[in-house]
Enquirer: 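I'd like to ask you about the structure that follows.
The basis for the numbers below is simple: all heavy atoms, side chains too, and nothing from hydrogens, waters or symmetry mates. All residue numbers refer to positions in the sequence shown, counting from 1.
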Amino acid sequence: MKELSIQLKEDEDILRRLKAREPKTEKNTFFAYKEYFLGYLIKYYHCSEEEAEEVYLESFTFFCLNIREGKLSLPLKAQLTTYLCGIGWRKLLKKYPKYGKAENRPPPPPSTVGLEEVDWDSLDVGEEIQDPLEWADKARFVKKLLAQLDQRCQEVLKLKFWETAPFKIIQQKLGFPSPEAARKKSFDCLKKLRELVAAHPEFKTII
């Protein structure tokens with residue numbers, strides 16, 4: 001296992017690159033952290049792999065948003081996987097309450113450090129909109145944004161976030177070669193949508 005100081009320095013370099021929105025770094029980090037994240041949720045919360053994968057896509061999105069908005073600042077007090085898992089377990093319990101009641105701290109996953117140092121309340125995990133009028137306004141805005149994406153992306157995002165379809169179903173309905181291919185397309189399309197939303201920060205919480 002790497003020494004903590006070395007690991008944190010490497011993570012700080014990744015954070016800088018993510019904050020600069022380097023496409024290659026975001027993609028590489030997404031796949032580098034995926035197996036660890038899934039193992040964490042499955043081991044501690046006993047959810048299915050498919051459920052963990054769905055939560056990972058959403059968690060990684062908000063993980064990147066937190067970095068871009070400066071909510072994860074230097075020097076890091078914990079590994080990036082700690083922050084990501086902290087977002088993940090909250091989203092899991094919000095999406096699937098059957099896996100337990102919210103706790104003050106997530107169970108410590110292997111090889112993460114600094115849990116006690118993290119200001120969890122400062123992290124954005126994507127709260128639901130409570131005001132139905134506000135939601136209707138934002139839904140109309142998202143519809144306009146989706147119209148600017150290609151037809152394939154529109155179909156994928158509508159299935160994933162409007163119908164909450166699993167990637168296996170998206171694969172079958174849209175003819176992807178595998179659920180992983182559908183997941184990758186969803187990630188790429190969501191990235192395009194985030195870029196459009198970036199011009200309208202008042203709507204950032206919808207994705």
Enquirer: Could you grab the distance from atom CG of Asn66 to atom NZ of Lys19, nearest 0.5 Å is fine?
Expert: 11.5 Å
Enquirer: Taking the side chain as everything from C-beta on, heavy atoms only, tell me whether Asp188 gets closer than 4.5 Å to Lys191.
Expert: no
Enquirer: Would you call Asp13 and Arg17 a salt bridge, taking side-chain N to carboxylate O under 4.0 Å as the test?
Expert: yes
Enquirer: Quick check: do Lys185 and Cys153 have side-chain heavy atoms less than 4.5 Å from each other?
Expert: yes
Enquirer: Output yes when Glu26 and Arg68 qualify as a salt bridge under the 4.0 Å nitrogen-oxygen rule, no when they do not.
Expert: yes
Enquirer: Linking I/L/V/M/F/W/Y whenever their side-chain heavy atoms sit closer than 4.5 Å, directly or via other members, would Tyr83 and Leu57 fall into one cluster?
Expert: yes
Enquirer: Supply the atom-to-atom distance Glu155 CD to Ile170 CD1, rounded to the nearest 0.5 angstrom.
Expert: 11.0 Å
Enquirer: Tell me whether Lys192 is salt-bridged to Asp150, with the criterion being a basic N under 4.0 Å from an acidic carboxylate O.
Expert: yes
Enquirer: Counting N and O atoms only, with roles assigned by atom type, does the side chain of Glu49 sit under 3.5 Å from a partner on the main chain of Leu38, one being a donor and the other an acceptor?
Expert: no
Enquirer: Aromatic ring centroids of Tyr40 and Tyr36 under 6.0 Å?
Expert: no
Enquirer: In Å and rounded to the nearest 0.5 Å, what is the CG to CG distance from Leu8 to Leu15?
Expert: 11.5 Å
Enquirer: How long is the span from the CD atom in Glu69 to the SG atom in Cys64, to the nearest 0.5 Å?
Expert: 11.5 Å
Enquirer: Quickly, which of Thr82, Asp11, Ile14 forms a side-chain contact (heavy atoms from CB on, under 4.5 Å) with Leu76? Name it, please.
Expert: Asp11
Enquirer: Would you find more than 12 non-hydrogen atoms of other residues, nucleotides or ligands less than 6.0 Å from Lys34 atom NZ?
Expert: yes
Enquirer: For Ser59 and Gly88, which heavy atoms make the closest approach, and how far apart are they?
Expert: OG-CA, 3.3 Å
Enquirer: Report the C-alpha distance between Ile87 and Phe60 in whole Å, list the side-chain angles of each, state the deciding distance to 0.1 Å, and finish with yes or no for side-chain contact (heavy atoms from CB on, under 4.5 Å).
Expert: CA-CA 8 Å; Ile87 294 172; Phe60 190 81; over 6 Å; no
Enquirer: Under the ring-ring contact (aromatic ring centres under 6.0 Å, His included) test against Tyr56, which residue among Phe37, Phe31, Trp89, Phe62 passes?
Expert: Phe37
Enquirer: Hey, does Phe63 have a side-chain heavy atom less than 4.5 Å from the side chain of Leu18?
Expert: yes
Enquirer: Which heavy atom in Glu12 sits nearest to a heavy atom in Pro75, and how many Å separate them?
Expert: OE2-CA, 3.3 Å
Enquirer: Applying salt bridge (Lys or Arg N to Asp or Glu O under 4.0 Å), can you list everything that pairs with Lys24, at least two apart in sequence or on another chain?
Expert: none
Enquirer: If two hydrophobic side chains count as joined below 4.5 Å and joins carry through other members, does Tyr44 share a cluster with Tyr33?
Expert: yes
Enquirer: Which residue pairs pass the ring pair (Phe, Tyr, Trp, His ring centres under 6.0 Å) test when at least one of the two sits in residues 167-189, sequence neighbours left out?
Expert: Phe30-Phe187
Enquirer: Any donor-acceptor pair under 3.5 Å linking the side chain of Thr29 with the backbone of Thr25?
Expert: yes
Enquirer: How many angstroms lie between atom CG of Leu159 and atom OG of Ser186, to the nearest 0.5 angstrom?
Expert: 10.0 Å
Enquirer: Tell me whether Lys98 is salt-bridged to Glu51, with the criterion being a basic N under 4.0 Å from an acidic carboxylate O.
Expert: yes
Enquirer: Mind checking whether Leu41 and His46 have side chains closer than 4.5 Å, heavy atoms only?
Expert: no
Enquirer: Glu58 and salt bridge (Lys or Arg N to Asp or Glu O under 4.0 Å): which single residue from Lys95, Arg90, Lys94 fits?
Expert: Lys95
Enquirer: Please report the shortest heavy-atom distance between Ala182 and Gln171, naming the atom on each side.
Expert: CB-N, 4.2 Å
Enquirer: Quick one: do Arg183 and Glu180 make a salt bridge, cutoff under 4.0 Å?
Expert: yes
